[in-house]
Amino acid sequence: MIHVRVQDQPLDPHREVDLLRADNPGIGAVVSFIGLMRDLNDGDRVQKLYLEHYPGMTERALQKIAEEAVQRWELMGCRVVHRVGEMCPTDPIVVVAVAGQHRKEAFLGCEFVIDYLKTQAPFWKKETTEQGERWVDARVSDDEAEQRWRKTRDSD
Amino acid sequence: MIHVRVQDQPLDPHREVDLLRADNPGIGAVVSFIGLMRDLNDGDRVQKLYLEHYPGMTERALQKIAEEAVQRWELMGCRVVHRVGEMCPTDPIVVVAVAGQHRKEAFLGCEFVIDYLKTQAPFWKKETTEQGERWVDARVSDDEAEQRWRKTRDSD
Amino acid sequence: MIEVKYFARFREELGSDREQIEAAKVDTVATLLTQLRARGGVWLRLFGEEQRVMIAVNQEVADHATLLKDGDEVALFPPVTGG
Amino acid sequence: MIEVKYFARFREELGSDREQIEAAKVDTVATLLTQLRARGGVWLRLFGEEQRVMIAVNQEVADHATLLKDGDEVALFPPVTGG
């Protein structure tokens with residue numbers, strides 16, 4: 001029901017959604033998030049993107065986040081697949097696909113997973129622009145997105 | 001950039017996501033919702049589902065909802081496709097696929113569209129169980145989900 | 001004339017999906033509903049004051065106060081259940 | 001021994017992705033960081049008090065107070081930017 005994976009091969013989001021849904025006629029809602037490589041970041045054209053991770057810890061972090069989402073919203077399934085290595089604009093970087101009986105919990109679970117992944121899972125982006133290579137800085141907005149789940153924890 | 005459609009043929013969610021993304025390397029986030037026919041509703045096994053709509057008004061309502069979402073969250077695309085007629089468990093009933101530069105607006109836009117669709121777009125479900133046919137009642141939770149967007153309107 | 005359309009459960013219970021009503025007799029949705037209720041029986045039951053009836057005029061959401069004129073299309077239907 | 005791993009920008013700037021450090025000399029992450037800073041130069045710059053350094057011990061998120069023992073794996077890395 002939970003599946004997490006890190007791969008350097010191109011990512012097929014549709015396959016993850018199909019595997020999530022397979023053989024479960026009790027699923028009423030599937031929400032999926034696909035993060036894609038943009039050709040523009042902070043105003044500069046980006047030609048290539050390189051993603052580094054921490055083998056072992058990264059998978060553990062993803063597993064933990066997915067398990068928490070499934071438990072918290074009683075999801076019927078959650079798949080998180082993240083690509084690493086070198087990629088080009090329009091390539092999928094990450095897919096989070098979540099299944100539930102109803103839409104509310106599927107949306108919450110999916111957003112929770114990607115918000116936590118952004119701030120907790122050890123991945124680092126390095127982009128190549130016309131000016132050369134640069135490591136991407138973390139966004140304050142990502143920290144804020146994650147914080148929101150902590151605040152509402154007791155009031156769920 | 002906006003596409004809405006009502007069809008009686010089986011729905012292919014992946015195709016809608018592909019069309020949404022096509023040829024736009026500026027898209028950083030795609031959020032999609034797939035509503036699926038469940039084999040269980042209110043405790044009863046459901047064998048078949050029939051969906052009726054109001055040709056003309058339904059498409060207008062979907063178009064209006066999609067336009068509002070795109071404008072409100074500056075989305076880069078929104079596709080809403082809804083199936084009508086007869087269908088079976090696990091069949092997709094509706095797909096809402098939304099593209100944005102970043103994930104936050106894509107999640108909000110997608111949820112807004114499906115919440116409004118549920119309460120504003122003229123579709124009606126009739127299900128066949130072992131006890132016979134019955135029209136599905138509207139859910140109070142759907143009204144509440146829609147209300148939320150009105151409340152936050154001024155504070156966006 | 002005003003064309004009145006019925007959908008879903010209303011259509012089935014009334015045994016009709018549409019009818020033409022004399023425009024001169026109805027100036028708002030409220031007067032149209034009053035006229036339909038006056039038929040009694042299933043009409044009174046479906047369109048009674050306490051019932052949830054959704055209304056569209058010319059394919060836009062409307063309410064009891066919406067004005068009607070010759071050539072308008074009015075639709076009456078139960079709360080929607082799509083998605 | 002304690003194995004210390006460096007990732008991403010830290011790895012590049014230090015020109016090293018890992019090293020072994022005598023366990024007897026470090027009892028917490030804080031003392032490990034103090035020892036690294038004492039090397040000066042790029043070490044002081046990357047691991048200075050005001051820098052954002054994320055810490056993992058045995059592949060779990062940790063902080064300055066986390067205790068260290070022989071055989072532990074410590075990772076130091078910049079704020080993550082995946083997804």
Side-chain angles (χ1 to χ4, degrees), chain A residues 12-18 20-41 45-47 49 76 88-115 117-118 139 141-142 144-145 148, chain B residues 12-18 20-41 45-47 49 76 88-115 117-118 139 141-142 144-145 148:
Chain A
D12 179 358
H14 300 334
R15 188 166 168 269
E16 300 308 320
V17 170
D18 287 340
L20 178 76
R21 289 183 48 197
D23 304 322
N24 192 342
I27 294 173
V30 168
V31 173
S32 67
F33 169 80
I34 312 174
L36 299 157
M37 185 188 156
R38 297 169 61 211
D39 65 351
L40 201 75
N41 193 26
R45 288 275 148 211
V46 184
Q47 290 140 0
L49 185 68
M76 303 180 86
C88 299
T90 77
D91 281 358
I93 302 170
V94 62
V95 175
V96 178
V98 162
Q101 286 190 287
H102 303 292
R103 74 187 185 285
K104 185 73 194 163
E105 58 256 32
F107 271 107
L108 287 169
C110 188
E111 237 185 321
F112 172 90
V113 168
I114 186 64
D115 281 353
L117 184 155
K118 287 258 180 189
R139 286 177 192 276
S141 62
D142 285 332
E144 290 166 353
R148 160 172 83 106
Chain B
D12 178 357
H14 300 334
R15 187 166 170 271
E16 300 308 319
V17 170
D18 287 340
L20 179 75
R21 290 183 48 196
D23 304 321
N24 192 343
I27 294 173
V30 168
V31 173
S32 66
F33 168 81
I34 311 173
L36 299 157
M37 186 189 155
R38 298 169 62 213
D39 65 351
L40 200 74
N41 193 26
R45 288 277 148 209
V46 183
Q47 290 141 359
L49 185 68
M76 302 178 86
C88 297
T90 78
D91 280 357
I93 302 169
V94 61
V95 175
V96 178
V98 162
Q101 286 190 287
H102 303 291
R103 73 187 185 287
K104 184 73 195 163
E105 58 256 32
F107 271 107
L108 286 169
C110 188
E111 236 184 322
F112 172 90
V113 169
I114 186 64
D115 281 353
L117 184 155
K118 287 259 181 189
R139 286 177 192 273
S141 61
D142 285 333
E144 291 166 353
R148 160 173 83 108

Listed partners of B/Arg45 passing salt bridge (charged side-chain N to carboxylate O under 4.0 Å, His left out), at least two apart:
B/Asp39
Contacts of A/Asp91 that satisfy salt bridge (charged side-chain N to carboxylate O under 4.0 Å, His left out) - sequence neighbours left out
A/Arg83
Looking at CG of A/Asn41 and CD of B/Gln101, how far apart are the two atoms once the value is rounded to the nearest 0.5 Å?
10.0 Å
Sort B/Arg139 into side chain, backbone, both or neither according to what part of it lies under 4.5 angstrom from a heavy atom of chain A.
side chain
If you count heavy-atom pairs under 4.5 Å between each of A/Val94, A/Asp115, A/Val95, A/Asn24 and chain B, which one has the most?
A/Asp115
Best-contacting candidate, B/Ser32, B/Gly35, B/Pro89, against chain A by heavy atom pairs under 4.5 angstrom:
B/Ser32
Reported OG-to-NZ distance for the pair B/Ser141 and A/Lys104, which is rounded to 0.5 angstrom
10.0 Å
Can you check whether anything in residues 105-113 of chain B gets within less than 4.5 Å of chain A, heavy-atom wise, and list it by number?
B/Phe107, B/Cys110, B/Glu111
Has the side chain of B/Arg38 got a donor or acceptor atom that lies under 3.5 Å from a matching backbone atom of A/Gly26?
yes
So for A/Ala145, is it side chain, backbone, both, or neither that comes closer than 4.5 Å to the heavy atoms of chain B?
side chain
Would you please name every residue forming a ring pair (Phe, Tyr, Trp, His ring centres under 6.0 Å) with A/His14, sequence neighbours left out?
B/His14
For A/Arg21 and B/Thr90, which heavy atoms make the closest approach, and how far apart are they?
NH2-O, 2.6 Å
